[in-house]
Amino acid sequence: MTTFVDRVELHVAAGNGGHGCASVHREKFKPLGGPDGGNGGRGGDVILVVDQSVTTLLDYHHSPHRKATNGKPGEGGNRSGKDGQDLVLPVPDGTVVLDKQGNVLADLVGQGTTYVAAEGGRGGLGNAALASARRKAPGFALLGVPGQAGEVVLELKTVADVALVGYPSAGKSSLISVLSAAKPKIADYPFTTLVPNLGVVTAGSTVYTVADVPGLIPGASQGRGLGLEFLRHVERCSVLVHVLDTATLESDRDPVSDLDVIEEELRQYGGLEDRPRIVVLNKVDIPDGQDLADMIRPDLEARGYRVFEVSAVAHKGLRELSFALAEIVAEARAARPVEEATRIVIRPKAVDDAGFTVRQDEEGLFRVRGEKPERWVRQTDFNNDEAVGYLADRLARLGVEEELMKAGAHAGDGVAIGPEDNAVVFDWEPTVMAGAEMLGRRGEDHRFEAPRPAAQRRRDREAERDEALKEYEGFDPF
Ligand SMILES: Nc1nc2c(ncn2[C@@H]2O[C@H](COP(=O)(O)OP(=O)(O)OP(=O)(O)O)[C@@H](O)[C@H]2O)c(=O)[nH]1
Ligand SMILES: [Mg+2]
């Protein structure tokens, strides 16, 4: 049996940015030349892309840790470090990306749909890029920023137009096998189907997909049988088909009460109320089955169901059924907004990069949060006074010092920049922040909510460089 994996926890790590280089041009018998330290390369992204030839998440089940490569450090002689390589991970159509709390980050439907799961860190500027008219020879460079890293959960929700639901052995897989070219396993014992089967049906000019779901029994919502776990595969369907067994040998069952039981389980699962339903009375090749079908048909129709009598084994009533399904699917498609023909890139939320916040926590520590201050801190080589001075100047320019003052901070008070578990803590010295100490681990950055498309990231990187240069122009630590 092939293994079917429809939920995995994936650990992704983007590449770190390479460090910028601080170097001074040297030549024999010549005075020292200008700064010639190159920039670090950016870290590679981890990118999920829908590939319709991929049908399971099995690969990620086997190797759930994926890392893009780091950017290379800049070098002397104005040599930039190479960018890290993006890691492109193909995922099946219909993959849903969630965070560990179960919040949906992206729903990847359609060939080529892309999601940046972890963004590579920026490379640090080298001292050549940091040089200016005022600072002819900066003795420092910026560090590369660690890439984003963390867990995402991938869930596969099959993209099928029609979903077959019903008791075990009602004949769901048999129906798929005669409506389409798919050859699912069929047998006379319950729970033959352990994972959804998918078949492609052509009826006239309409092509649609049909999926079955492992059989449901009373109490499935409480985990009886195989439970409702697999119903997520029918969430995207346009129409639900109740496959009812007219020839069951179990004395306490009949098609109508079977229908009630399945409906109750669907209700417990929730979210499928709006889907149109039709009823298929299967196994009418058996005389008793045909008699029962004749008997209950009016009852079902009175409830508003369209009823189809079929036999998967005798190939009876299949044409009517497949054309009726095609009609419902076509209607549902027409009612849906036109899908973009081109590949869809999941647009991230705008990054809040303008602001920052300052607050004093219970221990009296002043906590600074904000995209820029946090990044700047990561770019700073705290062993280099000039680099620390540059950071202090950037923070002062953004207004962080002023806000600290307003919040009541005094020289010598503790200031922490960054998230609780990964902050850099200083003893605050207004305008000169020295004695910095890295606390927490690097590279654990949970900002999955804000990946940016490649073009935007490139623009941001360029803006960052300009901004750094602008700041640097007006900066005189002495
Ligand atoms: N006589 C008759 N038997 C049928 C018909 N359709 C299916 N069966 C038989 O019913 C049994 C169950 O069929 P499956 O297609 O495996 O049923 P299922 O609904 O997929 O069952 P699970 O996968 O266990 O949920 C098999 O022995 C089939 O041969 C039919 O139209 N007539
Ligand atoms: Mg089956």
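These values consider heavy atoms only, across backbone and side chains, with no hydrogens, waters or symmetry-generated copies. Every number for a ligand or one of its atoms is a count from 1 in the order of the listing.
Salt bridge status for E235 with R232: absent, with no side-chain N to carboxylate O gap under 4.0 Å. Between R367 and E374 there is no salt bridge, since no side-chain nitrogen of the basic residue lies less than 4.0 Å from a carboxylate oxygen of the acidic one. Using a 4.0 Å cut-off between charged side-chain N and carboxylate O, D59 and R66 make no salt bridge. Contact check on D161 versus R333 returns a salt bridge, with a Lys/Arg side-chain nitrogen under 4.0 Å from an Asp/Glu carboxylate oxygen. Note on D107 versus R236: salt bridge recorded, some NZ/NE/NH1/NH2 to OD/OE distance being below 4.0 Å.
Each of the atoms 24 (O) of ligand 1 lies under 4.0 Å from some heavy atom of F191. Counting atoms of ligand 1 from 1 in the listed order, those under 4.0 Å from a heavy atom of G215 are 25 (O). Close approach of ligand 1 to D285 (heavy-atom distance below 4.0 Å) involves ligand atoms 1 (N), 2 (C), 30 (C), 31 (O), 32 (N). Residue S174 has at least one heavy-atom neighbour below 4.0 Å for each of these atoms of ligand 1: 6 (N), 7 (C), 13 (O), 14 (P), 15 (O), 28 (C). Close contacts of ligand 1 with P190, meaning ligand atoms under 4.0 Å from a residue heavy atom, involve 24 (O). Proximity to S311 (heavy-atom distance under 4.0 Å) selects the following atoms of ligand 1: 31 (O). Each of the following atoms of ligand 1 lies closer than 4.0 Å to a heavy atom of Y189: 24 (O). Close contacts of ligand 1 with I286, meaning ligand atoms under 4.0 Å from a residue heavy atom, involve 1 (N).
If you check which protein heavy atom lies closest to atom 3 (N) of ligand 1, you get V313 CG2, 3.6 Å. Of the protein's non-hydrogen atoms, the one nearest atom 26 (C) of ligand 1 is A187 O, 3.5 Å. Nearest to atom 17 (O) of ligand 1 among the protein's heavy atoms is G171 N, 3.2 Å. The nearest protein atom to atom 29 (O) of ligand 1, hydrogens excluded, is given as I186 CG2, 4.0 Å; this is a heavy-atom distance. Looking from atom 31 (O) of ligand 1 to the surrounding protein, the closest heavy atom is A312 N, 2.8 Å. Closest to atom 22 (P) of ligand 1, if we only count protein heavy atoms, is S169 N, 3.6 Å. Closest protein heavy atom to atom 6 (N) of ligand 1: N282 ND2, 3.2 Å.
The residue V284 has no part lying near ligand 1, judged by heavy-atom distances below 4.0 Å.
For the side-chain hydrogen bond (donor to acceptor under 3.5 Å, both in side chains) with E309, the qualifying choice from K283, K316, R297 is R297, the only one to do so. Only one option out of L98, V153, L156 pairs with R7 in a side chain to side chain contact (heavy atoms under 4.5 Å, CB included); it is V153.
An N or O contact shorter than 3.5 Å links A170 to ligand 1 by distance.
Across M295 and P298, no two heavy atoms sit closer than the pair O-CD, 3.4 Å. Closest approach of L105 to V152, counting heavy atoms only: CD1-CG1, 4.2 Å.
The heavy atom nearest to atom 25 (O) of ligand 1, considering only K283, H315, K172, is found in K172.
Ring pair H11/H65 is parallel by interplanar angle, where below 30° counts as parallel and above 60° as perpendicular.
Note on S173: counted as a metal contact of the Mg ion (ligand 2), an N/O/S atom lying under 2.8 Å.
Note that OG1 of T192 is 9.0 Å distant from CD1 of I186, once rounded to the nearest 0.5 Å. Atom CD1 of I217 sits about 9.0 Å away from atom CD1 of I262, to the nearest 0.5 Å.
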